[in-house]
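Single-structure report; data block below.
Order of the sequence lines sets the chain letters (A, B, ...), proteins ahead of strands, with each chain counted from 1. Heavy-atom basis, side chains included; hydrogens, waters and symmetry copies ignored. The model shown is predicted, which means the values in this text are computed figures rather than measured ones.
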Amino acid sequence: MRSHHDMGGLPAGRCEPDEHEYEMWEKRVDALMMLLSDKERQLLKVDELRRNIESLGADAYDRMGYYERWMHSISQTLIQRGVISIDELGRKMAEIEDRDERA
Amino acid sequence: MNRQQEQDAQDSRGYYRRMQSAIEELLILKGVFSGADVEREVKAMDSRDPGRGAKMVARAWLDPDYKSRVLKDGSAAAEELGFAVGPLRLIVLEDTPSVHNVIVCTLCSCYPRMLLGLPPEWYKSRDYRSRVVREPRKVLQEFGTRIPDEVEIRVHDSTADMRYMVLPLRPAGTERLDEEQLAQLVTRDSLIGVTMVDAQG
């Protein structure tokens, strides 16, 4: 069966040549991918990045922004590999939310 | 987008932005990399722009030997000009008066990022990825490019390990230009293949 990300040849809308300035957090997601997948670290394979993006439901895939999908996938891979725990990530995110609110 | 969708999109951005900060901080704490490593990667990506691909094209237009090396092994030809391509295989596709090439990544967003920088938003869009393989002539028209019917259009679907870049046709009226002036005319979109190089720049 054709998976959701496999969209070549399907009907779709008109191409709008929209440009988008990358935001700093998006560049940092990209930097994480580059670092984690380099020779020295080898903590992320491009196939893992793709698998964890492609396993998103059709709905989530469409709703999420490009680097949101990447970020989801990077965190899933790190959890699957045991580099970080889901608990640790949740606590850190809560801490950051707290910090941002106070700022 | 209606107001609710706008709000949801904002919440989602905030959530993933926090996730990015959290993962970066955790991995620094664990010694996987340093903050300086992240800054260095961001800077390196900022420094990659279509000027690199444009330089390869201008050189290939002027130097037939270089051109044959470009077409034989794009990665090596890029490295020759000091542009590291890494483990990816780079294939350069030559336009001719009878063949026009276009690149896409239908499955995601693979792109010659080492030579062109990060891809434009539309390259990653559903509309481009879905349609350019089925009705390229029509899609190119949406970019303002009309390819004559007698010219064949070839669409190349990239993969994670294999990236394409187009070597566009050198426009007439550029015979007196030097490499730097020629490179100025070569745009990002012409290296993707959705536009042609214009002698007026």
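The residue among A:L35, A:V29, A:D30, A:D6 with the most heavy atom pairs within less than 4.5 Å of chain B is A:L35. With chain B as partner, the option from A:K27, A:E68, A:H5 having the largest number of non-hydrogen pairs under 4.5 angstrom is A:E68. Listed options A:R41, A:M34, A:E40, A:M24 were ranked by heavy-atom pairs under 4.5 angstrom with chain B; first place goes to A:R41. In terms of heavy-atom pairs under 4.5 angstrom with chain B, the leader among A:E26, A:R99, A:R63 is A:R99. With respect to chain B, the highest number of heavy-atom pairs below 4.5 Å among A:E88, A:E54, A:E23 belongs to A:E88. Interface summary for chain A: among B:G144, B:P119, B:P120, B:A160, the most heavy-atom pairs under 4.5 angstrom belong to B:P119. In terms of heavy-atom pairs under 4.5 Å with chain B, the best-connected choice from A:H20, A:E19, A:R50, A:R28 is A:R28.
Proximity to chain B (any heavy atom under 4.5 Å) is shown, for A:L89, by both the backbone and the side chain. For chain A, the nearby part of B:V139 is the side chain; its heavy atoms alone come within less than 4.5 Å. The part of A:D100 that comes within reach of chain B is its side chain, from C-beta onward, which places non-hydrogen atoms under 4.5 angstrom from that chain. Residue B:L29 touches chain A through its side chain alone, counting heavy-atom pairs closer than 4.5 Å. With a 4.5 angstrom heavy-atom cutoff, B:M45 touches chain A only via side-chain atoms. If you measure heavy-atom distances from A:E16 to chain B, the contacts under 4.5 Å come from the backbone alone.
For A:E48 and A:R81, the salt-bridge test passes: some basic side-chain N is under 4.0 Å from an acidic carboxylate O.
Listed here is the closest heavy atom pair of B:Y164 and B:L90: C-CD1, 4.4 Å.
Note: B:Y123 and B:Y128 have tilted aromatic rings, judged against thresholds of 30 and 60 degrees for the angle between ring planes.
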